[in-house]
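Below is one structure, written out as structure tokens; the observations come after it.
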Amino acid sequence: MPWSRDDMARRAAAELKDGFYVNLGIGIPTLVSNFIPPGITVQLQSENGMLGMGPFPFEGEEDPDLINAGKQTITELPTTSYFDSAQSFGMIRGGHIDLSILGAMQVAENGDLANWMIPGRMVKGMGGAMDLVAGVKRVVVLMEHTAKDEPKLLHRCTLPLTGAGVVDMVITDLGVFAIDKSMGDKEAGGMELIELAPGVPLAEIRQKTEAEFRVRPGLG
Amino acid sequence: MPWSRDDMARRAAAELKDGFYVNLGIGIPTLVSNFIPPGITVQLQSENGMLGMGPFPFEGEEDPDLINAGKQTITELPTTSYFDSAQSFGMIRGGHIDLSILGAMQVAENGDLANWMIPGRMVKGMGGAMDLVAGVKRVVVLMEHTAKDEPKLLHRCTLPLTGAGVVDMVITDLGVFAIDKSMGDKEAGGMELIELAPGVPLAEIRQKTEAEFRVRPGLG
Amino acid sequence: MANKIYPDAAAALAGLLHDGMMIMAGGFGLCGIPEKLIAAIRESGVKDLTVVSNNAGIDGAGLGVLLDTRQIRKMISSYVGENKLFADLYLKGELELEFNPQGTLAERIRAGGAGIPAFFTKTGVGTLVAEGKELREFDGETYVMERGLVADLALVHAWKGDREGNLVYRKTARNFNPVMATAGKVTVAEIEGLVEPGEIEPDQIHTPGIFVQRIVHYPSYEKRIEQRTVRKRGA
Amino acid sequence: MANKIYPDAAAALAGLLHDGMMIMAGGFGLCGIPEKLIAAIRESGVKDLTVVSNNAGIDGAGLGVLLDTRQIRKMISSYVGENKLFADLYLKGELELEFNPQGTLAERIRAGGAGIPAFFTKTGVGTLVAEGKELREFDGETYVMERGLVADLALVHAWKGDREGNLVYRKTARNFNPVMATAGKVTVAEIEGLVEPGEIEPDQIHTPGIFVQRIVHYPSYEKRIEQRTVRKRGA
């Protein structure tokens, strides 16, 4: 049975380590904060200028001066600090954030990521996504395995890239893939299926994936 | 009679305008703060990270965390703000400081300035001087006209430069020179004597100046 | 002290506006935007503006009000997804758009204010953003060169300010405001609270007064919320 | 929360030191220097250091104590005029020296911490500082390219800090400390006052905890004054 969105978020949360500084994208990645394992403390960064993001406010306690990068009202924590946009992206670009978990339209087997633009349709902009994938130490993509039955894990992305060779791991509703970015475009084989959602046959993943990938020995 | 150091500082203070942000170098330039004309308020910047520098503290009130760029104990004012070295030099390099008044070993008729190094003797370092002359809107040099009877206003500097084509005005004990930096190295005549200290003969200035200069009509 | 306080936003902008100019406006979404100054820009009728701002407001709020009046010719932004009129004008070719990655935008503005004409960044390498720009390798990694940005006018919103122009921002309303304050040939700040010099602890000043030429004080602001997300009590 | 607090400076540096490494040390003159951490570096005996610091201390104080023991191979500084031993070692060829203009030094460090490998500046164009470096024209003006700096270890001194590593500096003791905190592969902070998270107002934090990996708290410091200048009362 494929993973639910909560299952996917729970699996992504297993990538967190105590003391990590983490940036969560909008959509399914936001759910990850609900599944932080016990005994682990992470600080969530919001690229509009905040470290130590707290939960949504109680009704009536919303503060228009306190929002996250998705423009949602949030709260602060005892660990919170605020800073300006240049410092925020200095933090991101300078490699100080341990982990970024974000959504994607397409991921290629060489680690290329596309998640900001569909040519010919309205373009909303990349926001901070290009900075995050270029600067954060480790990039985990959390997305549905297919879109309208079309594969999203591709040999090469067909949409304009957000970043080239930037993705380290992809978690979909069907399984988990690790990408060895150091392989680059030089040869196939940089992508490896390392986990299957319980009861999902390997054949199904193969059929729904365009990207070439190895299978971790013993899997499936 | 040549100007005293206080006279020179007073003349330099006439370059201040109300609301100016000013950086004063060590030595004679420091004296300028004693001669700020009535009705004029300026904020003094200290490049180690302070705007709105106050006077020396009363004895017993020295604070080791509060010094100026000359490492002297100072005080703060109601207008004071503190910031880090990157912001301080962003302020300087970005052209936000109106006026820098500093000392010099040599100034050339094209606006070149040398004030940081004598080759073969110990080198102390340029500190913030190169940033100041490159970034501040207007640079005024305050110096003795000669050193051991050798001219300091030269055709070209012989010492390593602090900045090329950066000086707008030179005030010495004998007079005041304006330098039109836009003339650059293209032709002589960028430097003009615009004031004489009272009773100083033009002939004396000519004799003690190697730089080529015009004399403002009616002077001397 | 030279007076930096102006009676209202229109007065604070008097003499600073001309058609075709470049204006920076602080804020992220509708958070920390210079709303009174934007309204005064609208009233002034100045047009053909190039506006540098992370977002373009929403329909009828923020910079959206300058889209209504077609005063903006070009936006330099990182994300404009919340504005339907924007999409409409853009698709009809009535509005130019230059997308910058958000961090590149912030750094370009910071560089402009700090006298840095250009810098290199990893962000955008291998994407549309790097097309036509100089690429360069440092220590085995490829970077793209981006240029500093200086505007004719920067508009910022601060929480508190004193007569000298020292500013303090509040929570995530800080965002682009401090860097933009450094990058305007002239910077005008609207503030929520006006205090005397000395009332703000000098270690806690976010924007030193040197960066602010004009100040206008309004005691109340609209401060719309884009996404009102809450949780239940006692959950 | 992962523990960042260490019992003393030696413990805070344990496992981080190796001969030939590059260390950044905050401070301007003797103001805001990480004096306890410098003393622990001396005790450790680590050598062949490249030290990035605006100054080199004075004889017997600040980084001067690491010159006494010949632990420093090279200094990257803007001004070393207050140190006689420095002059001596340099003239004897026992110490390398790289002068950077103070603003270029600050910007190189800030760039290193912010993932900027290189930038252009006007400072130093036409001087010895620009020799051998790339020059480039932007909008009719000539600039020199300077490189970002990242150190193996950054040592900073702060006034207050909490267990998360959020730091606040005091007056002009701030100087190079906040930028260096961002530019160390590991950053160790010595603090004068330790408080609990939440005790520092989040709008007033100068260095967010993400930049600080280890903290050591000492309640008292030497804090020598280099130039004790005073005025008379009732003048």
Side-chain angles (χ1 to χ4, degrees), chain A residues 46-50 53 55-76 80 82-93 95 112-114 116-117 119 121-135 160-166, chain C residues 26 28-32 54-56 77-82 86-88 90-91 97 99-107 109-111 121-129 142 159 169-180 206 221-233:
Chain A
S46 191
E47 66 263 28
N48 53 321
M50 179 186 201
M53 187 165 52
F56 293 147
F58 292 120
E59 207 168 333
E61 295 181 0
E62 309 92 316
D63 182 341
D65 288 344
L66 183 43
I67 65 171
N68 65 16
K71 281 103 181 176
Q72 298 172 312
T73 46
I74 47 161
T75 56
E76 66 188 30
T80 297
Y82 299 107
F83 32 84
D84 68 42
S85 299
Q87 169 118 62
S88 181
F89 283 92
M91 206 176 269
I92 289 167
R93 204 190 303 104
D112 288 359
L113 168 69
W116 77 283
M117 185 188 184
R121 285 168 55 185
M122 179 54 193
V123 174
K124 295 183 170 191
M126 69 290 281
M130 286 192 182
D131 307 281
L132 283 160
V133 300
L161 297 187
T162 306
V166 295
Chain C
F28 181 93
L30 298 182
C31 180
N54 189 59
N55 313 97
S77 301
S78 87
Y79 190 83
V80 296
E82 284 96 358
F86 192 104
D88 202 41
Y90 177 70
L91 292 173
L97 175 56
F99 274 131
N100 284 192
Q102 193 175 149
T104 296
L105 183 62
E107 190 68 13
I109 297 163
R110 191 256 171 208
T121 173
K122 268 186 294 195
T123 301
V125 170
T127 76
L128 289 178
V129 160
T142 306
W159 181 46
Y169 308 92
R170 185 169 174 273
K171 303 189 190 288
T172 56
R174 192 181 319 184
N175 57 63
F176 279 84
N177 285 297
V179 279
M180 287 185 174
H206 296 138
Y221 292 81
E222 187 181 11
K223 288 198 185 180
R224 280 172 60 166
I225 289 175
E226 274 183 72
Q227 303 281 337
R228 189 175 302 273
T229 45
V230 296
R231 67 188 144 134
K232 288 257 180 329
R233 274 174 205 281

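This is a predicted model, so every value here is computed, not measured. Numbers restart at 1 for each chain; the letters A, B, ... are given by sequence-line order, proteins then strands.
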Only pairs of heavy atoms separated by less than 4.5 Å count here; which of [options] has the most with chain C?
options                               : answer
A:Ser88, A:Gly128, A:Pro64            : A:Pro64
A:Gly165, A:Ala114, A:Pro55, A:Gly163 : A:Pro55
A:Gly49, A:Pro57, A:Ser46             : A:Pro57
A:Gly127, A:Gly70, A:Pro160           : A:Gly127
A:Ala69, A:Gly135, A:Gly60            : A:Ala69
A:Asn68, A:Thr73, A:Leu161            : A:Thr73

query: With only heavy atoms counted, which part of C:Arg170 is less than 4.5 Å from chain A, the side chain, the backbone, both or neither?
result: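 Contact with chain A: backbone and side chain both.
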- request: Counting only heavy atoms closer than 4.5 Å, note whether C:Ser77 contacts chain A via side chain, backbone, both or neither.
  value: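 For C:Ser77, neither part sits under 4.5 Å from chain A.
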query: Between C:Thr172, C:Val129, C:Asn177, C:Asn100, which residue shows the highest count of heavy-atom pairs closer than 4.5 Å to chain A?
result: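 Result: the option with the highest number of such pairs is C:Thr172.
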For [X], is it the side chain, the backbone, both or neither that has a heavy atom under 4.5 Å from a heavy atom of chain C?
X       : answer
A:Ile67 : both
A:Glu76 : side chain
A:Thr80 : neither

query: Any side-chain heavy-atom pair from C:Leu30 and A:Lys71 closer than 4.5 angstrom?
result: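 Sidechains of A:Lys71 and C:Leu30: no contact.
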Would the distance check show the side chain of [X] and the main-chain N or O of [Y] forming a donor-acceptor pair, the cut-off being under 3.5 Å?
X        : Y       : result
C:Asn175 : A:Asn48 : no
C:Arg233 : A:Phe58 : no
C:Arg110 : A:Ala86 : no

- request: Could you tell me how the ring of C:Tyr169 sits relative to the ring of C:His206: parallel (under 30°), tilted (30 to 60°) or perpendicular (over 60°)?
  value: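 It falls in the parallel class, under 30°.
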message: For C:Ser78 and C:Asn54, which I'm curious about, is there any donor-acceptor pair between the side chains at under 3.5 Å?
response: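 Yes.
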- request: Scan A:Leu113, A:Asp112, A:Leu132 and name whichever one has a side-chain contact (heavy atoms from CB on, under 4.5 Å) with A:Val166.
  value: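 Only match with A:Val166 under side-chain contact (heavy atoms from CB on, under 4.5 Å): A:Leu113.
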message: Given A:Asp65, which partner from the list C:Arg174, C:Lys223, C:Lys171 fulfils the salt bridge (charged side-chain N to carboxylate O under 4.0 Å, His left out) test?
response: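 Of C:Arg174, C:Lys223, C:Lys171, salt bridge (charged side-chain N to carboxylate O under 4.0 Å, His left out) with A:Asp65 is met by C:Lys223 alone.
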